[in-house]
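Report on one structure; see the data block that follows.
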Protein chains: 2
Amino acid sequence: MERKCYNEASKCLNVDNMLARCVLFSGVKPEEIRGLMTCMDGQVLHYSKGEYLLRAGDKIDSACILLTGGVIAEQVDYWGNRDILQEIRPGELFAVNYAINEGEVVPSNVVAIEDSCVLMIDADRLVKVCDRGCACHNRVKDNLILMLSTRNRALTQKLRHLSKRSTREKLISYLTEASINAGKKEFDIRLDRQQLADYLAVDRSAMSSELSRMKNEGMLDYKKNHFTLYVRAEE
Amino acid sequence: MERKCYNEASKCLNVDNMLARCVLFSGVKPEEIRGLMTCMDGQVLHYSKGEYLLRAGDKIDSACILLTGGVIAEQVDYWGNRDILQEIRPGELFAVNYAINEGEVVPSNVVAIEDSCVLMIDADRLVKVCDRGCACHNRVKDNLILMLSTRNRALTQKLRHLSKRSTREKLISYLTEASINAGKKEFDIRLDRQQLADYLAVDRSAMSSELSRMKNEGMLDYKKNHFTLYVRAEE
DNA sequence: TAATATATGTTGTAAAAACAACAGAAATGA
DNA sequence: TCATTTCTGTTGTTTTTACAACATATATTA
């Protein structure tokens, strides 16, 4: 695992444009990125395939952006069962929540599945606006707030569905939300059946059965991704 | 529902000290709060018991802090079934994620269960640091990042457990995390059985049975809130 | 268009969870 | 200390879900 500062590393990597397309740097011009990296002291670390970037239990002080390669977050339980939580692709920001809140430990391993370059940005430098008071640093901070807030919404939403005990209740929660978002009782959903089942953490075929039971009961109608909800008198 | 600016309303409410204890205003002196409220144009709204602060589907541009009284967030599905998601107490910040991301609709109703006073802060004014460049405004922004990040961690963590399909897997996920946090295989948990069951969205007695099954299999031992995990060879 | 692949729905069976009812342990308080 | 309440564990029954295997519908592509 070798370490370089961003401005040196970027000579070979040529990732300025890629970074400029990240939400975190939205509104920052590619040519401003290098200045930003100086003031945030961005460091680029190289990991070989199979090497661990983070291990469950670590405490960290830097947020990470994957520049090249690929890494995954994996959860390994006490008894050794492994579960892949997430695949992280170039341009994605990760570990930021644990870097900002330094006391908290990282809950999962992060491991390189290809040779990878990772940009590390110290959370304090990311959050505290530097003395030079550069406008783009403030912009990054605003972007960070937006990203955290967006993620928060998505998580809250999913959690509302997953907190329901039965498949039917999960479906009702999901479909109600889709209907609220659409602003009407007829709407399309973005997920296919398998994706929806995965999202709601249920079996696909069992979910299909439940949907058709609900259709028989007159609660709703659907064809593929198009749903219609019906209020009806209790029989 | 009547509306006043903060500095006027606070004459009767006397909530400067309470606000100063909120995480959002941590590090801001009580006497600075009023200046901050001027520059953020904080408005205080009064709602009578039963009145709706927000309805599912609304778009909003202000974050809310409950000053006095009590409100709840409730989810009502398309078929009219009501579910209380959250009780909000004085000092708590809510709706901030939907205010920051203006395009998104609020997914649940918020209704006053007592006569309540609510401080509304326009999200743009909260996030954009004002021209006067007051230090405490920047401090509030830092606090907001910390709050969003903390909440993000809690949600991610809960979601990791709830994404598991079976009670056993949920328990394994929860206990593994507790063990990682403790840094050893022996630890106390903060929740009692009913709270843990609610957190994992399973039935308490079924969860108790599962725990004792796991104990019989030699995976772990426990007494009340004290748990010990055992690695053991497959029999 | 035919052939193939993919997505969705259906059914019966096995497994798991919820539910209900109760017993015993621990905590609380008079 | 005893009575009462709260918490936890246990058991049997019912309900729900997962699972597997297959049927049908839809989409894709040769």
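Residue numbers start from 1 in every chain, and the chains themselves are labelled A, B, ... in the order their sequence lines are given, proteins ahead of strands.
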Would you mind writing out the side-chain donor-acceptor pairs for residues 182-191 of chain B within the sub-3.5 Å range, not counting sequence neighbours?
from, atom 1, to, atom 2, distance (Å)
B/E186, OE2, B/H226, NE2, 2.9
B/D188, OD1, B/H226, ND1, 2.7

Under 3.5 Å donor-acceptor pairs involving side-chain atoms of residues 192-204 of chain A, not counting sequence neighbours:
from, atom 1, to, atom 2, distance (Å)
A/D192, OD1, A/Q194, N, 3.1
A/D192, OD1, A/Q195, N, 2.9
A/R193, NH1, A/K224, O, 3.2
A/R193, NH2, A/K224, O, 2.9
A/Q194, NE2, A/D198, OD1, 3.2
A/Q195, OE1, A/D192, N, 2.9
A/D203, OD2, A/S205, N, 3.1
A/D203, OD2, A/S205, OG, 2.8
A/D203, OD2, A/A206, N, 2.9

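Rounded to a whole Å, the CD atom of B/Q194 is 17 Å from the C1' atom of C/dA27. Distance B/M207 CE to D/dT10 C1': 14 Å, rounded to the nearest Å. Between B/I189 atom CD1 and D/dC7 atom C1' the separation is 13 Å, expressed in whole Å.
Residue B/K223 has no polar side-chain atom (N or O) positioned under 4.0 Å from OP1 or OP2 of D/dT8.
When distances run from any side-chain atom of A/D192 to the nucleotides C/dA26, C/dT8, D/dG9, the shortest one goes to C/dT8. Distances were taken from every side-chain heavy atom of A/S166 (C-beta onward) to each of D/dT16, C/dT10, D/dT26; the shortest belongs to D/dT16. Among the nucleotides C/dT10, C/dA18, D/dA18, the one closest to the side chain of A/S212 is C/dT10. Closest contact between the side chain of A/T167 and the listed nucleotides C/dG9, C/dA17, D/dA18 involves D/dA18.
For the contact set between residues 196-206 of chain A and DNA chain D, defined by any heavy atom under 4.0 Å, the members are A/V202, A/D203, A/S205, A/A206.
Using a cut-off of 4.0 Å between Lys/Arg side-chain N and Asp/Glu carboxylate O, B/R168 and B/E217 are scored as salt-bridged.
Annotation: of the two residues near DNA chain C, A/R193 and A/R165, the 5′-most nearest-nucleotide partner is A/R193. Residue A/R213 is the one, among A/K224 and A/R213, whose nearest nucleotide of DNA chain D lies closer to the 5' end (criterion: closest heavy atom).
A ring-ring contact (aromatic ring centres under 6.0 Å, His included) check over residues 94-119 of chain B, counting only residues at least two apart or in different chains, returns nothing.
Residues B/Q157 and A/P107 have side chains not in contact (no heavy-atom distance under 4.5 Å, counting atoms from C-beta outward).
For B/D83, the salt bridge (Lys or Arg N to Asp or Glu O under 4.0 Å) partners two or more places apart in sequence, or in a different chain, are A/K164. Every residue two or more places apart in sequence or in another chain was checked for a salt bridge (Lys or Arg N to Asp or Glu O under 4.0 Å) with B/R55, and none qualifies.
In this structure, A/K215 reaches neither bases nor backbone, as no heavy-atom distance under 4.0 Å exists between it and the strands shown.
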